[in-house]
Structures are given as C-alpha cells and as structure tokens.
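Report on the following structure.
The structure presented is a predicted model; accordingly, all values stated were derived computationally and were not measured.
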Amino acid sequence: MAAIGLCLALVAGCKDRQPSDRQVLAEAGKLAKPLPGLYRSTTSLTAFELTGADPQTEDMMRDRFAQVMPQRREFCVTPQAAARGFEDMLRQSQQGDCEIERFAADKARLSAQMRCRVGPRLTSTVSIEGTGEPNRSHVELEIVQAGPSVPGGSETIGLSVDNVRIGECRR
C-alpha cells in the first residue's frame, strides 16, 4: 500500500502536465483502498547498471546498494487514512518538474511512467508497475537517471517493493 502510495505521490508531483492532477487523482481513486492495520514493507534491489562507467565503479555502487538492501520497515495505516486511500499522498506532493507520460489504474493494478528534471542537469525516468489488494501490494520500479553527475552518464535502478498487512496497529 505505501509503495503504491509513494509512487502515486511521485507521479502526482508532476503538476501542470498531462494528464492533470485531477485525472491522476481520478485514476488513483480506482485502486482498492488499503485495510487499516500494521504493514511490513520490504524494498529490494532487482537491477543496477551504470551504462558507460568502468566495471570497478559499477561494482562499487552495486556493493553500496547491497549493504542497505533489502530494506524492511513497519508502518501503521489508520482507519482514517485507509478511508482516504491514496488521496492524501497525491495532494501532499506538489513539487517537481515532471511530465507524466502514462498513468492508468484499476482496482488491482497501476501502470505509470514519468520523466523528471532533477536540477539543471539530471533527468530521471520512473516506470511503475504494481498490483494491490486491500491487505497487500507489490510494485516494480525502474528508475533511469542520466546526467553528468552520474558516473558513466546514466544508471538504471530496479526496485521491488512488497507491503503485507501483518496485524493490528500497536498502540
């Protein structure tokens, strides 16, 4: 749930572009709302490539990811937040210089792609494919960044995020 919400927030941050925030919000409203409760989230690195970088630099960067992945955390979805679905996350994200290239959702599936300018010389393309049910979600992200600050000029990062409801929130 949080992973889909994060992805929606990233996409919604691309305001004043097509599709509009209103259209994105309408599409996001089609997604199944999460159940209230305690969730465990696991983020794993599925791919990493530094195009054009020397093999040593690519290995060093991959090793850095390996030291922090997979990442696990727990979070609580309150009944109020569950009732709002992903609306809060969409409304809170109002920054970014992005262009939504694709956004579609239904009750159980999300597919989106956006291109963002990060500062004056870095571009990032984020592709999102996800599935969700009221008590679980799975999201695959592919992030392609290009610019002079990236060793070798461009990098591709693949992430997999799984969220599973594990019980009631702790008080």
Side-chain angles (χ1 to χ4, degrees), residues 1-36 39-51 65 68-73 75 77 81-147 149-150 153-165:
M1 281 7 85
I4 289 178
L6 172 63
C7 296
L8 292 173
L10 287 171
V11 173
C14 305
K15 64 182 191 176
D16 300 323
R17 310 285 185 186
Q18 293 297 323
S20 70
D21 284 352
R22 187 173 166 187
Q23 291 166 321
V24 171
L25 188 58
E27 283 293 302
K30 296 176 184 178
L31 292 164
K33 291 182 180 181
L35 292 172
Y39 287 81
R40 179 174 297 126
S41 180
T42 303
T43 302
S44 301
L45 182 70
T46 59
F48 181 77
E49 183 179 327
L50 275 174
T51 305
F65 274 114
V68 297
M69 294 285 176
Q71 292 181 351
R72 290 183 184 87
R73 70 181 186 95
F75 62 94
V77 175
R84 291 187 300 270
F86 301 106
E87 184 176 335
D88 289 349
M89 289 180 209
L90 286 167
R91 293 193 188 282
Q92 288 173 2
S93 181
Q94 295 299 313
Q95 58 184 327
D97 182 11
C98 300
E99 182 176 317
I100 297 173
E101 298 174 339
R102 179 176 82 279
F103 191 96
D106 62 30
K107 186 174 181 178
R109 189 168 286 287
L110 167 68
S111 179
Q113 182 171 309
M114 67 181 176
R115 186 177 315 275
C116 301
R117 181 164 297 287
V118 184
R121 300 175 62 193
L122 183 67
T123 60
S124 182
T125 301
V126 181
S127 299
I128 306 160
E129 298 295 329
T131 58
E133 300 173 28
N135 63 345
R136 68 180 57 243
S137 66
H138 174 80
V139 177
E140 295 287 333
L141 299 166
E142 180 183 76
I143 304 162
V144 179
Q145 295 186 327
S149 62
V150 177
S154 81
E155 69 182 341
T156 301
I157 302 167
L159 298 172
S160 176
V161 184
D162 287 292
N163 296 299
V164 178
R165 187 177 186 282

Problem - Nearest heavy atoms of Ala112 and Phe103, plus distance in Å - result: CB-CD1, 3.7 Å
Practice task
List the atom of Thr125, the atom of Gln113, and the distance in Å for their closest heavy-atom pair.
Solution key: CG2-NE2, 3.8 Å
Problem - Whether Thr46 side chain and Gly158 backbone form a donor-acceptor pair below 3.5 Å - result: yes
Restricting to salt bridge (Lys or Arg N to Asp or Glu O under 4.0 Å), what partner residues turn up for [X], sequence neighbours left out?
{"X": "Glu142", "answer": "none"}
{"X": "Glu27", "answer": "Lys30"}
{"X": "Lys107", "answer": "none"}

According to side-chain contact (heavy atoms from CB on, under 4.5 Å), who are the partners of [X], at least two apart in sequence or on a separate chain?
{"X": "Arg121", "answer": "Pro148"}
{"X": "Ala82", "answer": "Pro36, Val77"}
{"X": "Ser149", "answer": "Leu122"}

Practice task
Could you point out which residue of Ile128, Thr156, Leu159 forms a side chain to side chain contact (heavy atoms under 4.5 Å, CB included) with Ile143?
Solution key: Leu159
So how far is it from [X] [atom1] to [Y] [atom2], rounded to the nearest 0.5 Å?
{"X": "Met114", "Y": "Ser127", "atom1": "CE", "atom2": "OG", "answer": "9.5 Å"}
{"X": "Lys33", "Y": "Arg84", "atom1": "NZ", "atom2": "CZ", "answer": "10.0 Å"}
{"X": "Glu140", "Y": "Leu110", "atom1": "CD", "atom2": "CG", "answer": "12.5 Å"}
{"X": "Gln71", "Y": "Leu45", "atom1": "CD", "atom2": "CG", "answer": "10.0 Å"}
{"X": "Thr42", "Y": "Arg40", "atom1": "OG1", "atom2": "CZ", "answer": "7.0 Å"}
{"X": "Arg115", "Y": "Arg102", "atom1": "CZ", "atom2": "CZ", "answer": "11.5 Å"}

Practice task
Please check if any side-chain donor atom of Ser137 sits under 3.5 Å from a side-chain acceptor atom of Asn163, or the reverse.
Solution key: yes
Handout entry: Test side-chain contact (heavy atoms from CB on, under 4.5 Å) applied to Ser44 and Met69, step by step
Key = CA-CA 6 Å; Ser44 301; Met69 294 285 176; 5.6 Å; no
Exercise for the section: Give me the ring orientation class for Phe48 and Phe65: parallel if the planes are under 30° apart, tilted from 30 to 60°, perpendicular past 60°. Expected result: tilted
